[in-house]
Asker: 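Have a look at the structure that comes next, please.
Counting starts at 1 for both ligands and their atoms, in listed order. Keep in mind it's a predicted model, so treat the numbers as computed, not measured.
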Amino acid sequence: MHVPTTPEFSFRVSHEQGAARAGVFATPHGVVETPAFMPVATQGTIKGLSMDEVASAGGRMVLSNAYHLYLRPGDMMVRALGGLHAFARWNGPMLTDSGGFQVFSLAKLRTVHEDGVVFRSHLDGSLHEYGPEAVMRIERNLGADVIMQLDELIAGQAGESAARGAMERSLRWLARCRAEFDRIERDGRAPLGLTTTDAVLPADLPSLLPADPERERIAPTQALFPIVQGGTHPELRRASVAGILATGDWHGIAIGGLSVGESKADMYATLEVCEPVLPTGLPRYLMGVGFPDDLVEGVRRGIDLFDCVAPTRMGRDGTAFTPDGKVQIRKGSHRTDRRPLVEGCGCPGCTRYDRAYLRHLFVAEEMLGLRLLALHNLTFLLDTMRDARAALRDGVFDAWSERWLARYRATTSASP
Ligand SMILES: [Zn+2]
C-alpha cells in the first residue's frame, strides 16, 4: 500500500503503547494532534456554541454533514458563499460525512439500488438521488479537508448475508467515489451558475458568481477517506479492509457501521478484528462513537479520530460527563450543591458556576443551561483525549486508561 502524494496531508505516529498511538495528522487547514475528538457541526454549527467557544475548549478539527448542507442551504450555495470553511468561519481542519447515515436514518421513502439511494427530503418531501458521484460533487463543493465516501448502512445486528451485501456494495461505491473524486481533481468542478440535477440553484445565486470562474472551478485540496464496513462479522471486516487497500492509495481510513445498535462488547471486539489489518501509517477514524468510555476503549484499540453528537445532545438534555460517570443536573440532590460540576475542569460552567445554579437553569428552562452543559461535555471529551495523548507521550497509557475506566465505571451504569 502506498500513501498518495498530496503533500498537504500527512500522518506521523510519534508514540505507541500496545495498539494505542499518539500522532500528528496534517491537513491544508492545520495539524491535529491525535488521538482526537472532532466536535460535530451537523448544519455547519456545533449546536448552541460558537466556533470560537469550540476552539477555546480545545477543538481542532470539526465535522459537518453533507446530507444536511446539500438539502439546506445547498452545496452550490455554500460554494458560492466561499466554501464551508469561510461560510462557517472555521479556519481549522474540517471533515464532511457523506450523509449516508442520514439518508438511511432521516430520509423518507428511500429506495436503495446499485446506483445509489432515492429518497424524499425530511424537510419538504422533495425527491433526491444520492449516488457515489453526486456525493463526491456535493462534498467537493462544500470543500472540507477530509471527505467521506458514500456507504450503505445496515442495522448493528444485521445477519451475515445483509452485512456482506452492504459491505460489498460499499466497496463498489468506493471505487466510483474515487473515480469521480479523481475526475474532479483533473477536470475541475462544474461551473457555478449552471443548474444541474444535483442542485436547484436559487434565483439570486448569479449575484454571487466569482470574478474568475475558471479559477473558482479548481477543487480545493481534499483527502477522500474510505469506510470499513461488515457489521459485527470478523471475516467481512477483514475482507472490507483488504478490498479498500486494493482499491487505491489513501490518506486515512474510517471504521463505520458501529454504535448502531450492537452491544458495546461487539463494538470493541470488531475494533480488535480491524486493528491488526489496518495500515499503521494512516489515521484511523471511528465514526459516530463518542461516549467518554468508548473514546478511551477506542484509543486502546488503535483509533486516532472520533466524532459524535453525544456531548452536545446529552448536554441539552441535562446530562453531564464527569470522571465519575454521567450526572443528571436536574436531580433534586443538586439543589443546594455548591460544588462545581467537575473540580478542575476549565470550562465556563465549571469555573464560574456551581451545580445548584446549573440545576436552577435547567429547571427554569433557561437556554444558558443547555449551552453551558454542551460546552462542558465537549470540553470533557477534548480534555480526555488531551490526557490520553499526554499519557502516550509519557509511556504510561496502559495504567492511565485502566485507572480512568475504573473510576468512570465505578458509579456509571453504562459499562458493557
Ligand atoms: Zn466543565
Side-chain angles (χ1 to χ4, degrees), residues 32-33 35-41 45-63 92 289-299 306-391 400-401 403-414:
V32 186
E33 290 183 49
F37 177 78
M38 298 184 283
V40 179
T45 171
I46 286 111
K47 279 197 196 308
L49 305 177
S50 74
M51 288 296 194
D52 290 342
E53 288 171 315
V54 172
S56 296
R60 289 293 169 265
M61 182 164 190
V62 302
L63 179 145
V289 174
F291 283 94
D293 50 335
D294 292 338
L295 259 61
V296 175
E297 295 281 11
V299 174
F306 302 86
D307 83 282
C308 192
V309 294
T312 43
R313 181 173 291 171
M314 307 273 295
R316 293 197 303 276
D317 182 44
T319 303
F321 297 147
T322 84
D324 299 300
K326 296 196 278 282
V327 163
Q328 174 49 252
I329 199 66
R330 282 194 188 85
K331 271 191 176 170
S333 55
H334 299 305
R335 199 162 58 89
T336 57
D337 195 337
R338 306 303 308 273
R339 295 174 302 159
L341 197 46
V342 171
E343 198 73 55
C345 175
C347 85
C350 293
T351 51
R352 291 182 58 79
Y353 306 107
D354 56 23
R355 291 183 177 202
Y357 181 68
L358 293 174
R359 174 181 183 271
H360 161 71
L361 291 177
F362 271 85
V363 172
E365 297 181 0
E366 281 294 328
M367 70 175 84
L368 178 62
L370 320 185
R371 280 180 22 77
L372 288 176
L373 246 61
L375 188 53
H376 164 78
N377 284 346
L378 204 54
T379 304
F380 184 78
L381 293 188
L382 294 165
D383 283 355
T384 301
M385 290 297 91
R386 184 198 60 204
D387 293 348
R389 294 194 296 270
W400 174 86
S401 60
R403 205 169 53 240
W404 192 100
L405 287 166
R407 181 177 173 188
Y408 187 82
R409 286 173 176 161
T411 48
T412 188
S413 56

Asker: Just how far is it from atom NE2 of His376 to atom CG of Asp383, taken to the nearest 0.5 Å?
Answerer: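 CG of Asp383 is found 9.0 Å from NE2 of His376.
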Asker: Does a sphere of radius 6.0 Å around CZ in Arg313 hold more than 12 heavy atoms from other residues, nucleotides or ligands, not counting ones at 6.0 Å or beyond?
Answerer: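 No, CZ of Arg313 has 12 or fewer neighbouring heavy atoms, counting only those of other groups under 6.0 Å.
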Asker: Using a distance threshold of 2.8 Å, what protein N/O/S atoms lie below it relative to the Zn ion (ligand 1)?
Answerer: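 Protein N/O/S atoms under 2.8 Å of the Zn ion (ligand 1): Cys345 SG, Cys347 SG, Cys350 SG, His376 ND1.
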Asker: Using 30° and 60° as the class boundaries, would you call the ring planes of Phe321 and Phe291 parallel, tilted or perpendicular?
Answerer: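 If you compare the ring of Phe321 with that of Phe291, the planes turn out perpendicular.
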Asker: Which distance, rounded to the nearest 0.5 Å, do you find between the OH of Tyr408 and the CD of Glu297?
Answerer: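 Those atoms lie 11.5 Å apart.
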Asker: Are Asp337 and Arg359 close enough for a salt bridge, meaning some N to O gap below 4.0 Å?
Answerer: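 A salt bridge is absent here (no side-chain N lies under 4.0 Å from a carboxylate O).
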Asker: Quick one: list whatever passes side chain to side chain contact (heavy atoms under 4.5 Å, CB included) with Ala364, sequence neighbours left out.
Answerer: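 His360, Glu366.
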